[in-house]
Amino acid sequence: MPKLQVDGKEVEVAQGATVMDAANRLGIYVPYFCYHKKLSIAANCRMCLVEVEKAPKPMPACATPVAEGMKVWTHSPAAKKAQNGVMEFLLINHPLDCPICDQGGECQLQDLAVGYGMSNSRYTEEKRVVLRKELGPLVAAEEMSRCIQCTRCVRFGQEIAGIMELGMAGRGENAEIVSFVGRAVESELSGNMIDLCPVGALTSEPFRYKARTWELTRRKSIAPHDSLGSNLVVQVKQNKVLRVLPLENEALNECWISDKDRFSYEGLNSPDRLARPMVKRNGRWEEADWEQAFDAVIDGLKGQDFGVLASPHAALEELFLAGKLGPADFRLRHADFSGDGKRAGIPWLGMPIAEVQNLDRVLVAGSFLRKDAPLLAHRLRQAAKRGAKVHMLHSVDEDWLMPVASRTIVRPSEIARSVSSFVDALKGGKNAAVLLGNFAQQHPQAAAIHAAAQALADATGAKLGFLGEAANSVGGYLAGLPTANVDAILQKKAFVLLNVEPELDCADPQKTLAALKQGFVVSLTSWKHSLDVADVLLPIAPFTESSGTFVNTEGRVQSFQATVNALGEARPGWKVLRVLGSLLNLPGFELNSLEEVRSACLKGADVASRLSNRINLAVEQGNPVSGIQRIADVPIYFADPLARRSPPLQKTRDARPPRAWMNSRLLARLGVAAGQPVAVNGVKIAAALDDKLPDDCVRIAAAHPSTAPIGPMFGTLALEKVAVGRAA
């Protein structure tokens, strides 16, 4: 390990480290724009020029490797002159719009110009103008004249998101950042480019011109969507959430967040927010006060054998109290409950999240990886780039934007029997894993897939893990659920729904709605929905207006606090459940604070001791299935109620109306061309071509209003051509 001196201070760094690394280790600040600790070295801004002993000219600290005995000065007259010169060049063409620039107050160029810029410019010619770029509904590129060509956004796409969506075109003063012709920025991680931009060239389209950074208060929170539990900074002005940014946590989300975590807050102010309790009287909905609403609830539930359906996105404390109300389950999209009572503990990732990128042999079975878990996909992408062998077992051949060693694409009914074929692929790895995704967990043969994956892991010395479906997929088990499975609960005559939209959140929407219509339904929700099946709507606060706890897929317990006051008369879900349980005279509801509820749930136990992916079940191959099988994904921006209501997310490519994807052989059999309508279980939907799909399979997304009438997420479909009427 070489030793060197930086500004007279001696430091020892690893072989191959740069001068920037050495300076950072000593806490010495070196100005920069293009450098970023998570990206490759570009050395194209030259702002980090420093003086190196015996070097004929200033050297870029980010790209200069250290050497034994090297002496570096970061703020010597020579270094300062070089840095000042670079700043002058950067400002030659930069527009003088700081007073109205929406990046003002958090602009790296503005900050450094104070310390390294001149009081006036020697450049009197016209400044160059770069036209705006259309990058889609999330990232705005309205003032590209501000761009200083640091290429952070370009490198992010290539190295982190896995897809080069932006590039540099032209040379000299004609150089500019462009997207590919006719393409928007569509990666599920694209919003991170906004954070990376050191000037105001790339900004948040939804947040643009909403507030100045110094007007915002900043509060820590936890992402309520996927199972990663990304750490967030929620920024608030006048009791309204205006922006969500990542809070750096190397063990979880590093310095990134997914677009769903970043932009879903726009759904908080949806027109269908529920601000007051509502009661259905004589078939008509009427607003009520809380006392009247609870009276109606007690009248409907008292003496009834009711069950509880809870969202896996609900807080731990809410799930715990929901389980005490009556038979309850949170596995709404699961189709197989034969593994109940046969697991040794709570299903989880099987390793710390940070360890995923250190795997060298991986089988990912049944996962729409990029959309279900964007930042876990990023971790696997980094592992694959370093040489890890990633194998895919799925019913859809998706582009995971990473090197994939093998792809086994089979019909849904063949996944369980295909798991054992990966023994040779996983053997020989020092750090191997079998990871089961949402599709595998929701599968009608989920227990058989679990048992087969366990046998494969045992045979190869690999770890077995579940990627996790939602923010509290682990927390739901920790809260004591399920106390009954969804199928058993739907046999009841009365129901309590906790943050559930049954037509979109359940494995079989039609079966669920039919059961609910036969009974009395109380819905604890933040939105006005399910008006045709519910009898009482009780407004509960979303995660920004309430406090609670999420337990992520690695079993990490993370609590969060409310960031704004609740809307109208909405109340935290745990408080509503506590009152409801007390009014029903049920035991276990004598808890007066959120902390008491959390303590009662966790009981001081070590969460790690309750995590286990072992299942006591013999390996089964599953029975062959004939007919046309459905492959149902849950679109990333339809997976939960908040994301569904975010206008910018609903304008993205991932939120387009679902189509019936099938291969050319099935299209030919039906006599249908791509774009023409087909009837799927009587529901009219446009056909689309995907020749990578297995034979006799149709991919149709679930969790969407247009496809909810089709029925179960898995199983066989009745498929026929729809006659296209002739124009008059």
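- For R411, there are no side chain to side chain donor-acceptor pair (under 3.5 Å) partners, not counting sequence neighbours.
- Checked against a 6.0 Å centroid threshold, the rings of W256 and H36 count as neighbours.
- Looking at heavy atoms from C-beta onward, Q15 lies out of side-chain contact with V66 at the 4.5 angstrom threshold.
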Donor-acceptor pairs are to be reported for all side-chain atoms of residues 447-455 against protein atoms at under 3.5 Å, with residues two or more places apart or in another chain.
{"residue": "H450", "atom": "NE2", "partner": "N613", "partner atom": "O", "Å": "2.7"}
{"residue": "Q454", "atom": "OE1", "partner": "I615", "partner atom": "N", "Å": "2.7"}
{"residue": "Q454", "atom": "NE2", "partner": "I615", "partner atom": "O", "Å": "3.0"}

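- Residues satisfying the side chain to side chain contact (heavy atoms under 4.5 Å, CB included) test with S204, not counting sequence neighbours, are I194, P206, F207, F263.
- Within the 4.5 Å cutoff, side-chain heavy atoms of V30 are placed close to those of M20.
- Applying the 6.0 Å contact sphere to NZ of K427 captures no more than 12 heavy atoms from other residues, nucleotides or ligands.
- R556 places no side-chain N or O within donor-acceptor distance of the main-chain N or O of G229, the cut-off being under 3.5 Å.
- Taking CD from Q445 and OG from S338, the interatomic distance works out to 9.5 Å, rounded to the nearest 0.5 Å.
- Note that CZ of F543 and OG of S221 are 5.0 Å apart. Values are rounded to the nearest 0.5 Å.
- Across every non-hydrogen atom of P694 and I631, the tightest pair is CD-CD1, 4.3 Å.
- No side-chain heavy atom of Y477 sits under 4.5 Å from any side-chain heavy atom of W348.
- Residues meeting the side chain to side chain contact (heavy atoms under 4.5 Å, CB included) test with P712, sequence neighbours left out: D508.
- Considering CG of L138 and OG of S646, their distance stands at 8.0 Å, rounded to 0.5 Å.
- Environment of CZ in R653: sparse, with no more than 12 heavy atoms of neighbouring residues, nucleotides or ligands closer than 6.0 Å.
- At a threshold of 4.5 Å between non-hydrogen side-chain atoms, the residues V634 and M713 count as touching.
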Practice problem: Run the numbers on L369 and M402 for side-chain contact (heavy atoms from CB on, under 4.5 Å), then give the verdict. | Solution: CA-CA 11 Å; L369 183 62; M402 68 179 76; 4.0 Å; yes
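- Separating the CG atom in L478 from the CZ atom in R610 is a distance of 4.5 Å, to the nearest 0.5 Å.
- Salt-bridge check for R644 with D505: passed, with a basic side-chain N closer than 4.0 Å to an acidic carboxylate O.
- Applying the salt bridge (charged side-chain N to carboxylate O under 4.0 Å, His left out) rule to D259 yields no partners; only residues at least two apart in sequence or on another chain are considered.
- Every pair passing salt bridge (Lys or Arg N to Asp or Glu O under 4.0 Å) that includes a residue from residues 449-462 is listed here, sequence neighbours excluded: D458-R614.
- If you check the side chains of T652 and E186, you find no donor sitting under 3.5 Å from an acceptor.
- A heavy-atom distance below 4.5 Å is not found between the side chains of K260 and E188.
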Practice problem: May I have the step-by-step check of side-chain hydrogen bond (donor to acceptor under 3.5 Å, both in side chains) for T151 and R155, ending in yes or no? | Solution: CA-CA 6 Å; T151 69; R155 285 175 284 147; 3.2 Å; yes
Quiz item: Should S258 and H225 be marked as a side-chain hydrogen bond (donor to acceptor under 3.5 Å, both in side chains) after you check the CA-CA gap, both sets of side-chain angles, and the distance that decides it?
Solution: CA-CA 10 Å; S258 69; H225 301 293; over 6 Å; no
Quiz item: Which is it for N24 and Y35 under the side-chain contact (heavy atoms from CB on, under 4.5 Å) test, yes or no, and what are the steps along the way?
Solution: CA-CA 12 Å; N24 288 340; Y35 169 79; 3.6 Å; yes
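- In terms of the salt bridge (charged side-chain N to carboxylate O under 4.0 Å, His left out) criterion, residue partners of R331 (sequence neighbours excluded) are, by chain and number, D329, D340.
- A donor-acceptor pair under 3.5 Å is formed between the side chain of D399 and the backbone N or O of L401.
- Side chains of E254 and H378: a donor on one and an acceptor on the other come within 3.5 Å.
- The CD atom of E554 lies 11.0 Å from the CE atom of M351; values are rounded to the nearest 0.5 Å.
- The pair E398-R699 counts as a salt bridge, with a side-chain nitrogen and a carboxylate oxygen less than 4.0 angstrom apart.
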Exercise. Kindly determine whether E469 and S227 satisfy side-chain hydrogen bond (donor to acceptor under 3.5 Å, both in side chains), including the steps that lead there.
Key: CA-CA 6 Å; E469 182 180 353; S227 63; over 6 Å; no
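- If you check the side chains of R333 and N438, you find no donor sitting under 3.5 Å from an acceptor.
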Quiz prompt | Trace of the side-chain contact (heavy atoms from CB on, under 4.5 Å) decision for Y32 with C62 | solution = CA-CA 8 Å; Y32 61 85; C62 69; over 6 Å; no
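- When every heavy atom of P374 is checked against every heavy atom of L189, the shortest pair comes out as CB-CD2, 3.8 Å.
- Between atom NE2 of residue H313 and atom CG of residue L319 there is a gap of 11.0 Å, rounded to the nearest 0.5 Å.
- For R361, the side chain to side chain contact (heavy atoms under 4.5 Å, CB included) partners two or more places apart in sequence, or in a different chain, are K389, L426, A432.
- By the side chain to side chain donor-acceptor pair (under 3.5 Å) test, R407 pairs with D397, sequence neighbours left out.
- Residues passing the side chain to side chain contact (heavy atoms under 4.5 Å, CB included) test with D690 are W661, K692, L693, sequence neighbours excluded.
- Side-chain atoms of L166 and F156, non-hydrogen and from C-beta on, never get closer than 4.5 Å to each other.
- Listed by chain and residue number, F714 satisfy the ring pair (Phe, Tyr, Trp, His ring centres under 6.0 Å) test with H443 (two or more places apart in sequence, or in another chain).
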Practice problem: Begin with the C-alpha distance, continue with both residues' side-chain angles, and end with the deciding distance and a verdict on side-chain hydrogen bond (donor to acceptor under 3.5 Å, both in side chains) for Q558 and T549. | Solution: CA-CA 6 Å; Q558 300 186 103; T549 302; over 6 Å; no
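- Between P246 and N231 there is no side-chain heavy-atom pair separated by less than 4.5 Å.
- Side-chain contact between F550 and V474: absent, with no pair of heavy atoms (C-beta onward) separated by less than 4.5 Å.
- Of the candidates L228, I222, I353, L349, I353 is the only one forming a side chain to side chain contact (heavy atoms under 4.5 Å, CB included) with N552.
- Q441 places a side-chain N or O within donor-acceptor distance of the main-chain N or O of G437, the cut-off being under 3.5 Å.
- More than 12 heavy atoms of other shown residues, nucleotides or ligands fall within 6.0 angstrom of atom CG in D695.
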Quiz prompt | From CA spacing to verdict: side-chain contact (heavy atoms from CB on, under 4.5 Å), S230, L375 | solution = CA-CA 9 Å; S230 296; L375 288 174; 3.6 Å; yes
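- Scanning for salt bridge (charged side-chain N to carboxylate O under 4.0 Å, His left out) contacts around K37 gives E248, with sequence neighbours left out.
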